[in-house]
Chemist: 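The following block contains the structure, expressed as structure tokens.
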Amino acid sequence: MSRKDYKKPLPRIDEENRWFWEACARHELVLQRCGGCGELRFYPRGLCPACLSSSVEYVRSSGRGRIHTFTVTYQSQAPGFRDELPYVMAYVDLDEGPRVLSNVVHTPPEEVKIGMAVEVVFEDVDEDLAIPRFRRASER
């Protein structure tokens, strides 16, 4: 696949989040830890929302978590999305603490449940870009 063939919106990559997307291209889910207060955070940003420190370190996530809440979409006319109906959007509480919004894939929508264990998988757009998604986790 290539970016020109990918039908869904692509992330806007800038200096503040480039490190995140480079990690995803390596199939690693990476979080930020504040160097000031230790708060783990997701989504990538320049300042800690808890203490406003700009000191940051990067921590590899296990990529495991649980469904906090979700919705199943049955109708969409948006290119790229209508071909995958129905699809699941979910908030995932990562084991490390932060909450991530993503799709649940490779799992029938009727089997998705609040509290279900999930793990990250990556949708490769091309060799330089992969999008994190989640699927039902293998046994823990």
Side-chain angles (χ1 to χ4, degrees):
M1 181 180 297
S2 70
R3 289 183 198 210
K4 69 179 180 113
D5 298 325
Y6 194 75
K7 302 295 185 215
K8 297 176 194 166
L10 293 170
R12 188 177 138 265
I13 299 173
D14 58 27
E15 292 310 308
E16 197 167 79
N17 66 22
R18 184 173 314 282
W19 61 271
F20 175 78
W21 294 109
E22 288 172 351
C24 287
R26 298 187 306 269
H27 289 194
E28 297 175 5
L29 185 63
V30 176
L31 306 172
Q32 291 176 306
R33 177 181 290 135
C34 177
C37 70
E39 179 87 8
L40 276 173
R41 65 182 183 253
F42 182 86
Y43 60 92
R45 52 199 128 168
L47 295 176
C48 175
C51 74
L52 301 180
S53 172
S54 62
S55 175
V56 67
E57 55 187 27
Y58 303 97
V59 179
R60 187 170 179 182
S61 168
S62 68
R64 295 170 91 55
R66 296 202 174 266
I67 301 288
H68 176 76
T69 192
F70 70 95
T71 188
V72 180
T73 300
Y74 292 94
Q75 297 179 27
S76 178
Q77 293 306 310
F81 293 96
R82 67 176 158 239
D83 300 330
E84 295 183 4
L85 293 170
Y87 61 86
V88 178
M89 287 292 302
Y91 277 106
V92 173
D93 290 331
L94 295 175
D95 286 353
E96 295 84 3
R99 184 171 289 158
V100 176
L101 177 63
S102 187
N103 293 102
V104 176
V105 296
H106 311 302
T107 307
E110 62 275 7
E111 294 179 16
V112 176
K113 305 284 184 240
I114 291 174
M116 183 176 82
V118 292
E119 60 192 3
V120 73
V121 292
F122 292 89
E123 179 182 359
D124 292 314
V125 175
D126 61 27
E127 63 279 353
D128 296 320
L129 181 62
I131 311 291
R133 309 285 190 217
F134 288 84
R135 68 176 175 207
R136 182 188 357 236
S138 53
E139 291 299 315
R140 291 187 179 192

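The structure displayed is predicted, hence computed values, not measured ones.
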Chemist: Looking only at heavy atoms, what is the nearest atom pair of Glu96 and Leu31, with distance?
Modeler: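 Of all heavy-atom pairs spanning Glu96 and Leu31, the closest is CB-CD1, 4.0 Å.
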Chemist: Between Ile67 and Lys113, is there a side-chain heavy-atom distance shorter than 4.5 Å?
Modeler: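 Lys113 does not reach Ile67 side chain to side chain.
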Chemist: Would you please name every residue forming a ring pair (Phe, Tyr, Trp, His ring centres under 6.0 Å) with Tyr43, sequence neighbours left out?
Modeler: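 With sequence neighbours excluded, Tyr43 shows a ring pair (Phe, Tyr, Trp, His ring centres under 6.0 Å) to no residue whatsoever.
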Chemist: For the pair Asn103 (side chain) and Val105 (backbone), establish whether a donor and an acceptor sit closer than 3.5 Å, ignoring hydrogens and angles.
Modeler: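 The answer is no, because no donor-acceptor pair under 3.5 Å joins these two groups.
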Chemist: Any heavy-atom pair between the side chains of Ser61 and Phe42 that's under 4.5 Å?
Modeler: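 Phe42 does not reach Ser61 side chain to side chain.
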Chemist: Are the side chains of Val100 and Phe134 in contact, using a 4.5 Å heavy-atom criterion?
Modeler: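 Phe134 vs Val100: side chains touch.
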Chemist: Could you check whether any side-chain heavy atom of Ser76 comes within less than 4.5 Å of a side-chain heavy atom of Leu85, counting everything from C-beta outward?
Modeler: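 Side-chain contact under 4.5 Å: yes.
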Chemist: On a heavy-atom basis, which atom in Met116 and which in Val104 lie closest, and how many Å separate them?
Modeler: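 Heavy atoms only, the tightest pair is CE-CG1, 4.4 Å.
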Chemist: Fit a plane to each ring of Phe122 and His27, take the angle between them on a 0 to 90° scale, and name the class: parallel (under 30°), tilted (30 to 60°) or perpendicular (over 60°).
Modeler: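 Aromatic pair Phe122/His27 classed parallel.
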Chemist: Can you find a heavy atom in the side chain of Ile131 that is under 4.5 Å from one in the side chain of Pro11?
Modeler: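 Sidechains of Pro11 and Ile131: in contact.
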Chemist: Output yes when a side-chain donor or acceptor of Gln32 lies under 3.5 Å from a complementary backbone atom of Val56, and no otherwise.
Modeler: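 Between the backbone of Val56 and the side chain of Gln32 there is no qualifying donor-acceptor contact (under 3.5 Å).
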Chemist: Show the nearest heavy-atom pair for residues Phe70 and Val112, with the distance to one decimal.
Modeler: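 Shortest heavy-atom separation between Phe70 and Val112 comes out as CZ-O, 3.3 Å.
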Chemist: State, with a plain yes or no, whether a side-chain heavy atom of Pro44 is found less than 4.5 Å away from one of Tyr58.
Modeler: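 Counting from C-beta outward, Pro44 and Tyr58 never come under 4.5 Å.
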Chemist: Answer whether the closest heavy-atom distance between the side chains of Arg136 and His106 falls below 4.5 Å.
Modeler: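 Side chain of Arg136 against side chain of His106, heavy atoms only: no contact under 4.5 Å found.
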Chemist: Output yes when a side-chain donor or acceptor of Ser53 lies under 3.5 Å from a complementary backbone atom of Cys34, and no otherwise.
Modeler: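 No, the answer is negative, given that no donor and acceptor are paired below the 3.5 Å cut-off.
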Chemist: How would you list, by chain and number, every residue that makes a side-chain hydrogen bond (donor to acceptor under 3.5 Å, both in side chains) with Arg45, sequence neighbours excluded?
Modeler: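 Applying side-chain hydrogen bond (donor to acceptor under 3.5 Å, both in side chains) to Arg45 gives none.
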Chemist: Arg82: what forms a salt bridge (charged side-chain N to carboxylate O under 4.0 Å, His left out) with it, not counting sequence neighbours?
Modeler: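 Partners of Arg82 by the salt bridge (charged side-chain N to carboxylate O under 4.0 Å, His left out) criterion come out as none, since no residue qualifies.
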Chemist: Among residues at least two apart in sequence or on other chains, which ones pass side-chain contact (heavy atoms from CB on, under 4.5 Å) with Leu10?
Modeler: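 Arg3, Tyr6, Val125, Leu129.
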Chemist: Strictly by salt bridge (charged side-chain N to carboxylate O under 4.0 Å, His left out), give each pair with a member in residues 32-41 just once, sequence neighbours left out.
Modeler: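 Output for this query lists Arg33-Glu57.
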Chemist: Evaluate whether atom CD of Gln75 has more than 12 neighbouring non-hydrogen atoms of other residues, nucleotides or ligands under 6.0 angstrom away.
Modeler: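 It does not: Gln75 CD has 12 such atoms or fewer within range.
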Chemist: With a 4.5 Å limit on heavy-atom distance, are the side chains of Leu94 and Leu29 in contact?
Modeler: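 Sidechains of Leu29 and Leu94: in contact.
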Chemist: For Glu84, check side-chain hydrogen bond (donor to acceptor under 3.5 Å, both in side chains) against everything at least two apart and list the hits.
Modeler: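 Counting only residues at least two positions away or on another chain, Glu84 forms a side-chain hydrogen bond (donor to acceptor under 3.5 Å, both in side chains) with Lys8.
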Chemist: Do other residues, nucleotides or ligands put more than 12 heavy atoms under 6.0 Å from the CZ atom of Arg12?
Modeler: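 Counting neighbours around CZ of Arg12, 12 or fewer heavy atoms of other residues, nucleotides or ligands fall under 6.0 Å, so no.
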